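From a predicted model like this one, the values you see are computed outputs, not experimental measurements.
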Amino acid sequence: MDKLIVSSAPHIHGRDTGRGIMLDVIIALLPAAAAAVIIFGLRALGVIAACVIASVLAEFLFNVCTRREQTVGDLSAVVTGLLLGLNLSASVPIWQCVVGSAFAIVIVKCLFGGLGHNFANPAITGRVFMLLAFSSVAGGAMPVVVELEASATPLELIASGSEQLPGLWDMFIGLRGGAVGETCIAALLAGYIYLVARKVIKWYVPAIFVGTVFLCFLAATGDFTVALYEILAGGLFLGAIFMATDYVTTPITDSGRMLFALGCGIITFVIRHFCAYPEGVSFSILAMNLVTPFLEKWTAKKPLGGS
Amino acid sequence: MNLKKNISILKLPHLKKTAGMNSVRISPPKEVLLPMNMHSGQAAVPIVAEGEHVRVGQLIAREEGRNSSPVHATVSGVVKAIEPFGPTVAIRIESDGKMEKDPGVVPPEVHDLDEFLQAVRDSGIVGLGGAAFPLWAKLDAVRRSPIKTVLINGAECEPFITSDNRTMIEHSDLIVKGVALLKKYLLSEEFIIGIERNKPDAIAEMNRVFADDPSVTVKPLKSVYPQGAKQVLLYNATGKVVGPGQRLASLGVIIINVTSLAKMAEFMETGMPLVDKCLTLEGSAVKEPKNLVVPIGTPVSHIVEQAGGLCCEPGKLIFGGPMMGHTRESMDSPIIKATNAVIIFSEKDSRPVKSTACIHCGRCVANCPLGLNPTAFARAMEIDDQEERYAVLDKENVMLCMECGCCSYVCPARRPLVDTNKDAKRFVKKTKAAKDAMEKKEGGN
């Protein structure tokens with residue numbers, strides 16, 4: 001009778017847990033991962049597996065070496081590894097995957113204090129790091145399930161004015177060149193619907209991001225088909241659904257998240273349309289990560305009864 | 001910005017199993033323990049001595065100082081001890097089992113506002129929704145400015161609790177009388193009874209008894225937490241907002257809990273002060289959840305025994321709801337004036353939660369009924385420079401936090417956000433007091 005627990009309110013809690021949210025993201029990424037293996041073959045599986053294992057191992061070892069509490073159980077390293085793997089081409093050497101993953105986990109996340117303290121998205125920063133360090137990360141590999149005439153990615157084809165673009169339907173189901181997890185829009189949309197239904201992400205963030213890119217290209221080119229190609233090509237859906245919605249590195253307020261998505265869309269358009277790089281999704285998200293604290297400040301709510 | 005969208009959106013499981021259960025009076029306990037600080041103001045002072053014989057309704061402690069409230073004997077019997085109780089003392093009365101009424105319990109003579117307020121003062125009634133602010137002190141605001149609108153709080157938004165619901169259904173006559181009294185003495189013109197939609201019987205009963213009274217509006221409200229909180233109820237029922245540094249009464253509005261109002265009417269009719277309380281006994285360790293009418297000061301163990309016992313080892317005892325209620329360390333703890341529920345959780349449901357790192361998900365911000373940012377408070381509390389910490393917390397409006405618990409409830413990392421908010425509020429209060437004292441000193445020199 002004397003062992004009653006004394007604690008402060010509230011005495012009940014909601015069902016969501018950090019681990020549960022991470023698990024939801026992993027589940028939502030599975031269709032894209034499966035599509036990657038189907039489209040790009042076992043080589044894609046090797047890339048994804050290498051990134052996941054290396055990410056988890058990197059976090060595990062970092063915690064062991066720095067004598068911190070073990071945090072791999074929160075599954076966030078799995079999410080980072082999975083996202084990074086899906087963002088790479090099937091032709092990337094495994095050792096590069098390992099280096100990129102270790103960079104994402106140790107440099108971008110752990111050194112800043114671990115989960116929740118990093119200001120930039122680890123998977124994206126890892127990808128950008130690999131892009132600069134090793135080049136040929138994004139493009140390159142071609143689907144193994146069908147014979148394609150061109151060897152460049154659609155974005156490269158658009159940039160070079162080529163007329164050998166794959167059909168829109170092929171673009172939608174992912175039969176094109178690119179990073180292993182970015183091509184199958186159908187699988188990514190399945191993950192999007194799952195995350196929205198589970199209330200893990202807000203529906204409008206990916207919608208605004210993709211919508212902004214579409215409208216910008218429509219306005220710039222006046223061509224509906226080109227605008228459609230632009231949103232289906234590259235890593236737009238992957239980035240918009242899974243990276244522009246990362247809690248840690250995006251604003252905490254609803255209106256801040258909208259501005260974040262809008263900014264991502266505009267920067268992506270500018271890079272793709274005016275700059276030398278054919279792809280701008282990673283850079284746009286990274287750039288918006290940096291202004292997140294400001295967006296949060298500008299969009300702070302006025303409390304009820306507050307000044 | 002459209003505030004309506006941002007207010008009280010948290011849907012909790014209602015768990016109001018006892019909503020349809022009539023309240024049952026328990027047989028008197030062997031002894032009661034009556035603390036002197038059952039209200040939010042200064043503690044009352046005992047006026048009885050050990051060994052003295054007392055009867056039900058007899059004054060045993062007078063009010064003393066600011067916002068105080070008197071205490072009355074809740075059983076008949078002998079004062080066994082006046083013993084230390086927390087920061088104050090408590091009077092222990094051994095019951096003779098007769099529940100004899102004190103001959104001094106007669107309806108008060110009330111002819112004008114002064115006499116009315118004095119009577120409410122003598123009744124020992126405090127805010128029974130949980131705040132325990134003396135009712136007379138609340139009504140006293142009418143002396144400074146007119147109270148045009150009375151908001152009667154029947155929201156009862158916490159899970160489990162149904163005692164206010166029972167008051168509205170079983171004692172609607174007293175609520176009608178209470179409204180008549182406020183109309184007569186406070187000259188209030190408008191009465192709004194706010195009730196969550198998950199209490200259709202109470203809404204129907206209120207609509208029935210007030211069908212012919214155009215001054216009374218029964219306002220069904222969305223069943224969301226914390227619908228019954230002052231600022232939330234005010235906004236949702238009237239569209240008004242208490243501004244920074246403003247008092248509710250300055251808007252010409254007061255909010256009275258529905259059971260407080262019924263108790264006040266009962267006192268005016270019978271002269272019996274606040275000596276018993278309807279409460280909901282619930283929780284996973286309780287065999288048969290019930291609504292019980294219990295003498296104030298009754299130990300929980302007696303209530304549990306009367307209600308049919310526990311079904312497993314208790315892990316946690318909560319007075320009030322699971323969102324804002326306070327835990328007690330002993331099953332012998334006495335229920336106090338504002339206890340509207342006794343919740344006993346099994347050991348399994350009482351296990352402490354483990355908190356992990358904040359992942360910045362924004363659920364706390366999205367679910368704060370007032371639109372505050374609990375993560376910003378937590379960050380500010382890590383600032384070493386006291387001046388800067390104070391400035392940031394002040395700018396973030398931390399003092400508005402009503403500790404409703406929504407942020408902690410939704411946090412997937414199980415961060416103890418309410419605790420941090422409380423710490424932050426304490427810090428701001430202390431710093432502000434020190435600043436004010438300093439300014440005063442400088443002004444004096």
Problem set entry | K302(A) side-chain N/O to G371(B) backbone N/O, donor-acceptor pair under 3.5 Å |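 No, K302(A) side chain to G371(B) backbone: no donor-acceptor pair under 3.5 Å.
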Exercise. Has the side chain of H11(A) got a donor or acceptor atom that lies under 3.5 Å from a matching backbone atom of G325(B)?
Worked result: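 Here the side-chain-to-backbone pair exists.
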Contacting region of [X] [heavy-atom separation from chain A under 4.5 Å]:
X: K354(B); answer: side chain
X: S301(B); answer: neither
X: C361(B); answer: both
X: I359(B); answer: both
X: P416(B); answer: neither
X: V242(B); answer: backbone
X: R328(B); answer: backbone

Exercise. S7(A) and K316(B): which non-hydrogen atoms are nearest, and at how many Å?
Worked result: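 Distance-wise, the nearest heavy atoms are OG-NZ, 2.8 Å.
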Exercise. Which heavy atom of N397(B) sits nearest a heavy atom of P303(A), and at what distance?
Worked result: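 Scanning both residues, the minimum pair turns out to be ND2-CG, 3.5 Å.
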Heavy-atom count around [X] [atom1] within 6.0 Å, excluding the residue itself: above 12?
X: F294(A); atom1: CZ; value: no
X: E69(A); atom1: CD; value: no
X: H117(A); atom1: NE2; value: yes
X: F85(B); atom1: CZ; value: yes
X: R414(B); atom1: CZ; value: yes

Would you mind telling me which of [options] has the largest number of heavy-atom pairs within less than 4.5 Å of chain A?
options: S408(B), A413(B), G320(B), A357(B); value: S408(B)
options: G243(B), P352(B), G315(B); value: G315(B)
options: V418(B), T327(B), I318(B); value: T327(B)

Exercise. Given that the side chain runs from C-beta out, which part of T250(A) has a heavy atom under 4.5 Å from chain B: side chain, backbone, both or neither?
Worked result: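 Backbone only.
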Problem set entry | Part of R257(A) lying under 4.5 Å from any heavy atom of chain B |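 R257(A) touches chain B through side-chain heavy atoms alone.
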Validation: residues 107-115 of chain A side-chain donor-acceptor distances under 3.5 Å, sequence neighbours left out:
residue, atom, partner, partner atom, Å
K109(A), NZ, E59(A), OE1, 2.7
K109(A), NZ, S76(A), OG, 2.7

For this session: Select, from A9(A), G20(A), P10(A), G18(A), the one with the greatest count of heavy-atom pairs under 4.5 Å involving chain B.
Result: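 Greatest number of close heavy-atom pairs with chain B: P10(A).
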Minimum side-chain heavy-atom gap [X]-[Y] below 4.5 Å:
X: I12(A); Y: P159(B); value: yes
X: K301(A); Y: N373(B); value: no
X: H360(B); Y: E296(A); value: yes
X: S330(B); Y: L4(A); value: no

For this session: Apply the test side-chain contact (heavy atoms from CB on, under 4.5 Å) to residues T356(B) and D74(A): give CA-CA distance (whole Å), side-chain angles for both, the deciding distance (0.1 Å), then the verdict.
Result: CA-CA 9 Å; T356(B) 54; D74(A) 64 26; over 6 Å; no
Problem set entry | Gap between atom CG of D16(A) and atom SG of C411(B) - 0.5 Å precision |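 Spacing of SG (C411(B)) from CG (D16(A)) equals 10.0 Å.
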For this session: Kindly compute the distance separating NZ (K422(B)) from OG (S8(A)), expressed to the nearest 0.5 Å.
Result: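 Between K422(B) NZ and S8(A) OG, I get 5.0 Å after rounding to 0.5 Å.
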Problem set entry | Trace of the side-chain contact (heavy atoms from CB on, under 4.5 Å) decision for F345(B) with I5(A) | CA-CA 10 Å; F345(B) 280 146; I5(A) 291 169; over 6 Å; no
